[in-house]
Amino acid sequence: MEAITEARRHIDNAKGFLRKNANKEDGLYRDRKYVKIAGHTAYTGILLALDELLGEKRRKTKKSVEWYQKELSGLDKKVTSDFATAYQVLHLDMGYEGSPSADLAKFGVEKAEKIISWVENRLLKPER
């Protein structure tokens, strides 16, 4: 469960970047640099958790978002949808665009926490 602990640490770090450095004012973050850092950090936390569940750590190439979606679609359609949303919000909107919306950031971080908890529950559930 070290991966889950590390994934949650990433989420806590992302929240810290937003709270301490992104300068929230009137529902918007003023410093996009820290929004981008927070988005990438939270998304990486999701990937850490998913890699623990899905395996294949020794691949020679990086796994694509499509690979994660394909793997998740065979396990749980709702989590597949949550992952697609988290990818859009955390990785693209926040991580690349630096979207200043505090509501959007909160939504993305909540999706990340939900996915990490889902992975933790799957890892704790005994195989049948």
Side-chain angles (χ1 to χ4, degrees):
M1 295 301 254
E2 187 176 320
I4 298 301
T5 301
E6 185 65 14
R8 286 204 169 106
R9 189 173 75 83
H10 274 66
I11 299 304
D12 289 342
N13 287 344
K15 288 177 180 178
F17 288 129
L18 293 171
R19 185 177 55 253
K20 296 174 187 171
N21 303 103
N23 300 320
K24 183 174 155 184
E25 185 179 306
D26 297 326
L28 298 174
Y29 291 111
R30 300 293 177 209
D31 194 334
R32 288 180 182 228
K33 171 185 171 183
Y34 290 102
V35 171
K36 291 178 178 188
I37 291 169
H40 283 303
T41 302
Y43 183 68
T44 300
I46 294 172
L47 299 184
L48 288 169
L50 289 176
D51 285 345
E52 182 69 19
L53 177 67
L54 301 174
E56 292 197 40
K57 294 179 183 175
R58 299 179 195 262
R59 289 174 52 116
K60 292 184 182 193
T61 59
K62 290 184 177 184
K63 291 172 262 192
S64 66
V65 66
E66 292 83 9
W67 182 87
Y68 285 102
Q69 288 174 326
K70 180 178 174 278
E71 295 297 314
L72 288 171
S73 69
L75 298 174
D76 188 314
K77 299 287 186 200
K78 177 68 175 132
V79 170
T80 304
S81 175
D82 288 341
F83 176 75
T85 300
Y87 172 76
Q88 178 66 47
V89 172
L90 297 172
H91 189 63
L92 299 178
D93 295 340
M94 288 177 65
Y96 283 106
E97 299 298 325
S99 176
S101 171
D103 288 340
L104 185 67
K106 180 181 177 190
F107 179 70
V109 169
E110 287 171 354
K111 288 292 182 186
E113 291 173 324
K114 183 177 178 181
I115 293 167
I116 292 167
S117 292
W118 176 84
V119 170
E120 181 179 37
N121 289 334
R122 294 284 300 214
L123 292 171
L124 290 174
K125 186 187 249 184
E127 300 267 337
R128 294 181 186 165

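Applying the ring pair (Phe, Tyr, Trp, His ring centres under 6.0 Å) rule to Tyr87 yields the partners Tyr43, His91; only residues at least two apart in sequence or on another chain are considered. When the ring pair (Phe, Tyr, Trp, His ring centres under 6.0 Å) test is applied to His10, no partner is found at least two apart in sequence or on another chain. Under the rule for a salt bridge (charged side-chain N to carboxylate O under 4.0 Å, His left out), Asp93 has no partner lying at least two apart in sequence or in another chain.
The cluster map of Ile, Leu, Val, Met, Phe, Trp and Tyr, joined by side-chain heavy atoms under 4.5 Å apart, puts Leu54 and Leu48 in different clusters. Residues Val89 and Tyr96 share a single hydrophobic cluster, defined by chaining ILVMFWY side chains whose heavy atoms lie under 4.5 Å apart. Hydrophobic clustering (ILVMFWY, side-chain heavy atoms < 4.5 Å, transitive): Leu90 and Leu50 are in one cluster. Taking hydrophobic clusters as Ile, Leu, Val, Met, Phe, Trp and Tyr residues chained together by side-chain heavy-atom distances below 4.5 Å, Trp118 shares a cluster with Leu124.
In this structure, Glu2 CD and Arg9 CZ are separated by 10.5 Å, a value rounded to the nearest 0.5 Å. With rounding to the nearest 0.5 Å, the separation of CG in Leu53 from CG in Asn121 is 11.0 Å. The distance from atom CE of Met94 to atom CZ of Phe107, rounded to the nearest 0.5 Å, is 12.5 Å. Note: Ser73 OG to Glu66 CD = 12.0 Å, rounded to the nearest 0.5 Å. Interatomic distance, CG of Leu47 versus CD1 of Ile116, reported as 9.5 Å (0.5 Å rounding).
By the 4.5 Å side-chain criterion applied to Ile, Leu, Val, Met, Phe, Trp and Tyr, Tyr34 is assigned to a cluster that also includes Phe17, Ile37.
Here the closest heavy-atom approach between residue Tyr29 and residue Ala105 is recorded as CE1-CB, 4.0 Å. Taking every heavy atom of both residues into account, Ile11 and Ala112 meet most closely at CD1-CB, 3.5 Å. Taking all atoms of both residues into account, the shortest heavy-atom contact from Gln69 to Ala84 is NE2-CB, 3.5 Å. The shortest heavy-atom contact between Ser101 and Leu28 is CA-CD2, 4.0 Å. When all heavy atoms are compared, the tightest approach of Ile115 to Ala86 is CD1-CB, 4.0 Å. Closest of all the heavy-atom pairs between Val109 and Lys15 is CG1-CE, 3.6 Å.
Applying the salt bridge (Lys or Arg N to Asp or Glu O under 4.0 Å) definition to pairs two or more places apart or across chains, those involving residues 77-86 are Lys78-Asp82, Asp82-Lys111, Asp82-Lys114. Among residues at least two apart or in separate chains, salt bridge (Lys or Arg N to Asp or Glu O under 4.0 Å) pairs with a member in residues 28-39 are Glu25-Arg30.
Remark: Glu71 does not engage Lys63 in a salt bridge, criterion side-chain N to carboxylate O under 4.0 Å.
Aromatic ring orientation, Phe83 versus Tyr68: tilted (interplanar angle from 30° to 60°).
Using a 4.5 Å cut-off on side-chain heavy atoms (C-beta onward), Val79 and Val119 make no contact. Under the 4.5 Å side-chain criterion, counting only non-hydrogen atoms from C-beta, Glu52 is not in contact with Glu6.
Looking at Thr41, its side chain never comes within 3.5 Å of a backbone N or O of Ala14 through a donor-acceptor pair.
A donor and an acceptor atom, one from each side chain of Ser99 and Glu97, are nowhere located under 3.5 Å apart.
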